Protein chains: 2
Amino acid sequence: MMSPDQRTMSARPLAHRSIWVKEERQTVVQIIDQRFLPHRFVVEDLKSVRDVASAIREMHLRGAPLIGVAAAFGMYFAARQARPKSWNEDVERSGEKLRQTRPTAVNLAWAVDKQLRATHKVQEVEKKIVTAFRTACQILDGEINVCKKIGEHGFKLIEAISRKKRGEPVNVLTHCNAGWLACVEWGTATSPIYQAFDKGIKLHVWVDETRPRSQGASLTAWEMAERKIPHTVIVDGASGHLMQKGLVDLVMVGTDRTTRGGDAANKIGTYMVALAAKDNKVPFYVALPSSSIDWEMDDGLKQIPIEERNPDEVTHVQGFCDGEIKKVRLIPEGSKALNYAFDVTPRHLITGLITERGISPASEEGLLQLFSPEDVNKHQIPFRSTASHDSDDF
Amino acid sequence: MMSPDQRTMSARPLAHRSIWVKEERQTVVQIIDQRFLPHRFVVEDLKSVRDVASAIREMHLRGAPLIGVAAAFGMYFAARQARPKSWNEDVERSGEKLRQTRPTAVNLAWAVDKQLRATHKVQEVEKKIVTAFRTACQILDGEINVCKKIGEHGFKLIEAISRKKRGEPVNVLTHCNAGWLACVEWGTATSPIYQAFDKGIKLHVWVDETRPRSQGASLTAWEMAERKIPHTVIVDGASGHLMQKGLVDLVMVGTDRTTRGGDAANKIGTYMVALAAKDNKVPFYVALPSSSIDWEMDDGLKQIPIEERNPDEVTHVQGFCDGEIKKVRLIPEGSKALNYAFDVTPRHLITGLITERGISPASEEGLLQLFSPEDVNKHQIPFRSTASHDSDDF
């Protein structure tokens, strides 16, 4: 059941993967410890459910899909480590521990439950372990395939603009990090970029730095630099000016949750990019796995809860200084800050939604041409109705 | 000729001034060394034209009006220091040195020229020195008065909203620093805020941090904290979300240059704030001294040159860490950044222009109701046609 990719995925420069099994003996899973990016590339070995739990808790990794995959491998380690006599209790206890590492991360809970259900179906401990490994690999493969397909559809948009510009570089702007560091491979909003670049289409990426956590400046820029894709980091306030000057051909962003009506929640600042795109007639696309469509919601502005995060992320900035990662304070001691993590871009500002099944208008009718809610619900990662989506999803 | 304010302006907590004469003997001018704000309050003595030149060159002070006033006092010191026998040559050489400290700062050159013309009209060296001091004080008074009047007009906007909200706090959003730290007293966009606050109107200020140089997070927040005005710092991407939620009643920003047609250049990001204001029906005002109206330009998007500054401002952030001011790097070594300092907000997004003569629609007809170009040209600080306005103006 192991895909060829998984067998070779320890070769990092080939892979551009955020998580992989180290060796055929399947005792070590490796991740990139993202806390040190973009300043240091650190690979971390995960050998136990405890290792996985602390990697999730301490945010060595982030991004909803990646957290889900890591948790699935965590459950595989739990299956190996459990005592045969009390296997069920041990594994369930491990699952609970994993869930507690990021209580609002829906993909995490979903992956843990999926593993519990899968292993429950077989009796022998040896088979349970094999099943757990297989299920983790399936979840990993699933994430990769969805992102790959998003890229295949989105690629056509870039290709069309490239043709229209007669091969002049296509300028794509993106906000935050919806790349493979948040997923497993390809990413969502970055997948069309990678596929276009791999096919030799000339392009250049404008990377919004994305305050407060600077995921654009640190993670997306690092991804682009890794693949040697021409790119330039700008401050979040600059995208409108670039569009006024005709320097942006296309905007592609990720999303944490999209309503069935086509409103998309994404990292704070996305709405203002969408406004600038509309004002300058620049196409604005949102890339998403269908698992992030919330079929129970229609009006995103009214219904999607927006998490308020720690104001320290606004008052301070983390960066590299004298060989160390340091945090500096920006604002005076007498001032306070507010930190909304997301905003909602209303459907009328969105040119289209790029999904694994194709590109649809940002509307219920559009989405229903590609999906039936029942069809999707089978694979969907359930949303929590009161808490917001995990804030580090993208 | 000294106004009562000037006599007492060494008392900093009373004054909220960026520059003042220390003592009646008139041998020392003091400024706030703004490089250390908001983390340390450092007052610097300026006692010679050399002190003034290095304070301007090393950016101890910034802001077009303030640079002009400092240069005027620099010329006063030059007048005192010049040798009586070669007074003209000495003072002209000093003027040239001052001009070279920030070659694109138009207020600086304007103030130097004004001093040269004024002192040229009298013969005796003693009288020249008195004239130079008087002229510097006049320039200082002029800047204060213009800002005060801007505040008187803008105050009415805040007052009207306060009445409509039955005394609930008025939420004003501002971008960058158009406060007294950039001017002498009151500031431009902040002047209505200060006057409303002083008159007991309840208000709260949303302060955009204003990447890349964080003038909002550091300087505007510090000004607000100094006066104990309720305020909250947000990242630049957040203002749109706040407006969607109905948390902003009014936007007021400064400008570096406004065309006669009503287009306004201001710190990068302003255009996107204006788009969000329009989309959410939030009034968007630009506060400006009439000296910053460029009567020779109509179409700001086509005609106003936009300066590209050092990308280091984007790649790095300066802040306070372990008792020191430090710079940290945000982006990977393999990435580059682009740093446009300003953008242009087109007139159709601007509700009104707040000037020292009143509030006008953002249009030529509107401005001509308050000013005749000839009338204004007398006092206008000339624009350079090819270089952009000094980038540290606001």
Side-chain angles (χ1 to χ4, degrees), chain A residues 37-39 175 207-212 214 217-218 221-222 224-226 228 231-242 244 267-273 275-276 279 301 306 314-321 326-340 342-344, chain B residues 37-39 175 207-212 214 217-218 221-222 224-226 228 231-242 244 267-273 275-276 279 301 306 314-321 326-340 342-344:
Chain A
L37 289 179
H39 309 294
H175 190 75
V207 180
D208 272 2
E209 69 170 336
T210 320
R211 280 278 290 151
S214 310
S218 54
W222 183 82
M224 296 296 142
E226 274 289 291
K228 304 207 186 315
H231 66 286
T232 308
V233 179
I234 53 169
V235 295
D236 300 323
S239 64
H241 177 67
L242 295 177
Q244 284 178 314
K267 189 65 43 178
I268 192 83
T270 305
Y271 162 57
M272 295 173 80
V273 177
L275 283 171
D279 198 45
L301 284 169
I306 301 293
V314 177
T315 61
H316 291 71
V317 171
Q318 184 176 294
F320 205 61
C321 172
K326 284 199 170 135
K327 244 185 201 173
V328 296
R329 184 177 174 90
L330 292 182
I331 80 169
E333 290 290 340
S335 301
K336 64 188 179 66
L338 185 67
N339 186 13
Y340 283 115
F342 303 100
D343 61 23
V344 174
Chain B
L37 289 179
H39 310 293
H175 190 75
V207 180
D208 272 2
E209 69 169 335
T210 320
R211 280 279 290 153
S214 311
S218 55
W222 183 82
M224 297 297 141
E226 273 290 291
K228 304 207 188 311
H231 66 285
T232 308
V233 179
I234 52 169
V235 295
D236 300 324
S239 63
H241 177 66
L242 295 177
Q244 283 179 315
K267 189 64 44 177
I268 192 82
T270 306
Y271 162 57
M272 295 173 80
V273 177
L275 283 171
D279 198 45
L301 284 168
I306 301 293
V314 177
T315 60
H316 291 71
V317 171
Q318 185 176 293
F320 205 60
C321 173
K326 284 202 170 132
K327 244 184 201 174
V328 296
R329 185 177 173 90
L330 292 182
I331 81 169
E333 290 290 340
S335 301
K336 65 188 177 68
L338 185 66
N339 186 13
Y340 283 114
F342 303 99
D343 61 23
V344 173

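Each chain gets a letter, A, B and so on, in the order the sequences are listed, and its residues count up from 1. These numbers come from a predicted model, not from an experiment.
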With a 4.5 angstrom heavy-atom cut-off, could you sort out which part of A/Glu333 is near chain B: side chain, backbone, both or neither?
-> neither

Counting heavy-atom pairs under 4.5 Å with chain A, the top scorer among B/Asp236, B/Ile331, B/Leu301 is B/Ile331

Chain B contact via A/His39 - which portion, at a heavy-atom distance below 4.5 Å | side chain

A/Gln244 to B/Val344 - nearest heavy-atom pair and separation | NE2-O, 3.0 Å

Select one option (side chain, backbone, both, neither) describing which atoms of B/Lys327 are under 4.5 Å from chain A's heavy atoms.
-> backbone

Compare every heavy atom of A/His231 with every heavy atom of B/Gly334, then report the nearest pair and how far apart it is.
-> O-CE1, 4.0 Å

Answer key: most heavy-atom pairs under 4.5 Å with chain B among A/Val207, A/Ile234, A/Leu275, A/Asp343 is A/Leu275

How far apart are the closest heavy atoms of B/Gly237 and A/Ile268, and which atoms are they?
-> O-CG1, 3.7 Å

With a 4.5 angstrom heavy-atom cut-off, which part of B/Thr270 approaches chain A: side chain, backbone, both or neither?
-> neither

In short, B/Tyr271 meets A/Ala276 closest at the heavy-atom pair OH-O, 4.4 Å

Do B/Met272 and A/Val273 touch side chain to side chain, with heavy atoms closer than 4.5 Å?
-> yes

Which atoms of B/Leu242 approach chain A - backbone, side chain, both or neither, heavy atom under 4.5 Å | side chain

